[in-house]
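Protein chains get the first letters and strands the later ones, always in sequence-line order, with residue 1 at the start of each.
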There are 2 protein chains.
Amino acid sequence: MAQHHPDYATLMRARGFRMTPQRQLILEALGAGGDHLTLEEIYARVQHIAPTLNLATVYRTLDFLCDQRLVATADVGGQKTYELVGEEPHHHLVCRSCGEMRQIDHAALHALCATLDREQNFTMDMEHLVIFGRCSSCRGTAESVASASDTHVLH
Amino acid sequence: MAQHHPDYATLMRARGFRMTPQRQLILEALGAGGDHLTLEEIYARVQHIAPTLNLATVYRTLDFLCDQRLVATADVGGQKTYELVGEEPHHHLVCRSCGEMRQIDHAALHALCATLDREQNFTMDMEHLVIFGRCSSCRGTAESVASASDTHVLH
DNA sequence: GTAGCTGCAAAATTTTTGCAGGCGA
DNA sequence: TCGCCTGCAAAAATTTTGCAGCTAC
């Protein structure tokens with residue numbers, strides 16, 4: 001799998017682009033923040049270090065990094081989020097009652113992947129899947145929904 | 001499973017709300033349009049019949065119908081979409097190269113569901129799952145991405 | 001008749017764009 | 001030095017809100 005901190009500067013220069021402090025900061029924020037940071041969270045983090053860094057720059061930089069396939073987006077709970085590409089394939093179970101988010105690994109979906117391949121002739125993306133549902137502690141409670149989104153995201 | 005056209009008017013009156021022509025139209029658009037209509041698509045459809053129907057009303061009505069659990073939302077390809085609740089549980093495979101969307105039924109995910117339940121003590125929502133990947137005809141082509149969104153949605 | 005609902009318009013919010021100057025290579 | 005990038009501010013796009021009048025019941 002990809003290493004944790006590729007040499008982004010070299011990579012970008014090789015592609016004819018520049019490594020600027022702003023891009024560096026945003027990449028670091030994404031690396032340090034774990035996955036699933038929203039644009040606002042990213043903005044808050046980099047702003048903390050570089051208060052003059054403009055919101056428009058965050059929009060443009062994230063667009064740029066997505067184009068370059070260094071960053072990927074996913075929708076989690078209706079929120080568009082960003083994360084570095086190249087992390088271990090992993091997936092999440094998100095409880096729609098309490099919002100708890102648990103990681104599961106690739107293996108759990110292996111059977112599904114094989115089935116789709118065999119029966120549907122379809123190769124599913126395995127980079128990152130988010131499955132909504134209810135965790136054991138929330139199961140059985142009469143409590144209703146609306147705390148977590150209805151949206152279930154697979155990335 | 002739920003019938004295709006429940007008596008929404010009676011249901012809403014029973015809950016102390018009104019059935020207005022606007023709500024009727026939006027429900028019909030959702031019923032006729034299949035699943036995964038965006039707000040704009042819904043607006044366009046109802047506008048075609050009732051040109052004075054306001055965009056703000058569409059926003060408010062969809063909110064209202066979601067609150068009432070008559071309509072559910074999902075994010076497909078980064079777009080928030082709406083559909084009637086109470087249809088057959090079904091899922092989609094979406095090719096990120098050509099955009100083809102294929103339905104698969106509940107059974108295909110049954111094994112995954114059981115595994116998560118057993119090993120993770122987690123009950124996944126089964127209402128509606130969208131899995132991105134590549135279909136057989138696009139597999140093997142060198143063609144790159146970006147035609148379909150990176151976002152994979154499970155609802 | 002009454003209260004919920006809608007249309008309209010304005011406001012608030014979110015995202016994009018133009019342009020001059022700055023800075024990485 | 002060259003031209004890619006950024007900050008700033010304005011524009012554009014999207015979503016929400018206030019309010020008066022209408023209408024479902």
Handout entry: DNA chain C: 5'-proximal contact among B/P21 and A/D63 (nearest heavy atom)
Key = B/P21
Fill in the blank from the handout: Out of D/dC4, D/dG7, C/dT15, minimum distance to the side chain of A/L55 belongs to C/dT15
Exercise for the section: Could you state the atom-to-atom distance from CD of A/Q24 to C1' of C/dA25 in whole Å? Expected result: 15 Å
Exercise for the section: Check each of B/L70, B/L25, B/V71, B/V46 against B/L30 using the side chain to side chain contact (heavy atoms under 4.5 Å, CB included) test, and report the only one that passes. Expected result: B/V71
Problem - Gap between atoms CD and P, on B/E41 and D/dT14 respectively (whole Å) - result: 14 Å
Completion exercise
Here the distance between atom C1' of D/dT14 and atom CG of B/L39, to the nearest Å, is 10 Å
Practice task
Taking only the side-chain nitrogens and oxygens of B/R60, find out if one of them lies under 4.0 Å from OP1 or OP2 of C/dC5.
Solution key: no
Practice task
Would you confirm whether B/T57, through its side chain, and B/L53, through its main-chain N or O, come within 3.5 Å as a donor-acceptor pair?
Solution key: no
Practice task
Consider the side chain of A/R18, meaning its heavy atoms from C-beta on, and name the nucleotide among C/dA3, C/dG7, D/dC2 that approaches it most closely.
Solution key: D/dC2
Exercise for the section: Could you tell me the separation between the CD atom of A/Q68 and the P atom of D/dC5, rounded to a whole number of Å? Expected result: 9 Å
Practice task
Take A/R23 and B/R13, find for each the nucleotide of DNA chain D with the closest heavy atom, and name the residue whose nucleotide sits nearer the 5' end.
Solution key: A/R23
Exercise for the section: Could you point out which residue of A/N54, A/L55, A/L62 forms a side chain to side chain contact (heavy atoms under 4.5 Å, CB included) with A/Y43? Expected result: A/L55
Exercise for the section: Check whether any side-chain N or O of A/Y59 sits under 4.0 Å from OP1 or OP2 of C/dT16, and answer yes or no. Expected result: no
Exercise for the section: Examine D/dT6: is either OP1 or OP2 under 4.0 Å from a nitrogen or oxygen in the side chain of A/T20? Give yes or no. Expected result: yes
Exercise for the section: Starting from C1' on C/dC5, measure out to CG on B/L53 and report it in whole angstrom. Expected result: 12 Å
Completion exercise
So CD of B/E28 and CD of B/Q24: to nearest 0.5 Å the spacing works out to 4.5 Å
Practice task
Using a cut-off of strictly less than 4.0 Å, decide whether A/Q22 has a side-chain nitrogen or oxygen near OP1 or OP2 of C/dC23.
Solution key: no
Handout entry: Gap between atoms CZ and C1', on B/R15 and D/dC25 respectively (whole Å)
Key = 18 Å
Exercise for the section: Give the rounded distance in Å between these two atoms: CZ of B/F64 and P of D/dT17. Expected result: 17 Å
Handout entry: Gap between atoms NZ and C1', on B/K80 and D/dT16 respectively (whole Å)
Key = 13 Å
Fill in the blank from the handout: Among C/dT6, D/dA9, C/dG7, the one nearest any side-chain atom of A/A56 is D/dA9
Fill in the blank from the handout: Distance col, row B/R45:CZ vs B/I26:CD1, nearest 0.5 angstrom, shows 13.0 Å
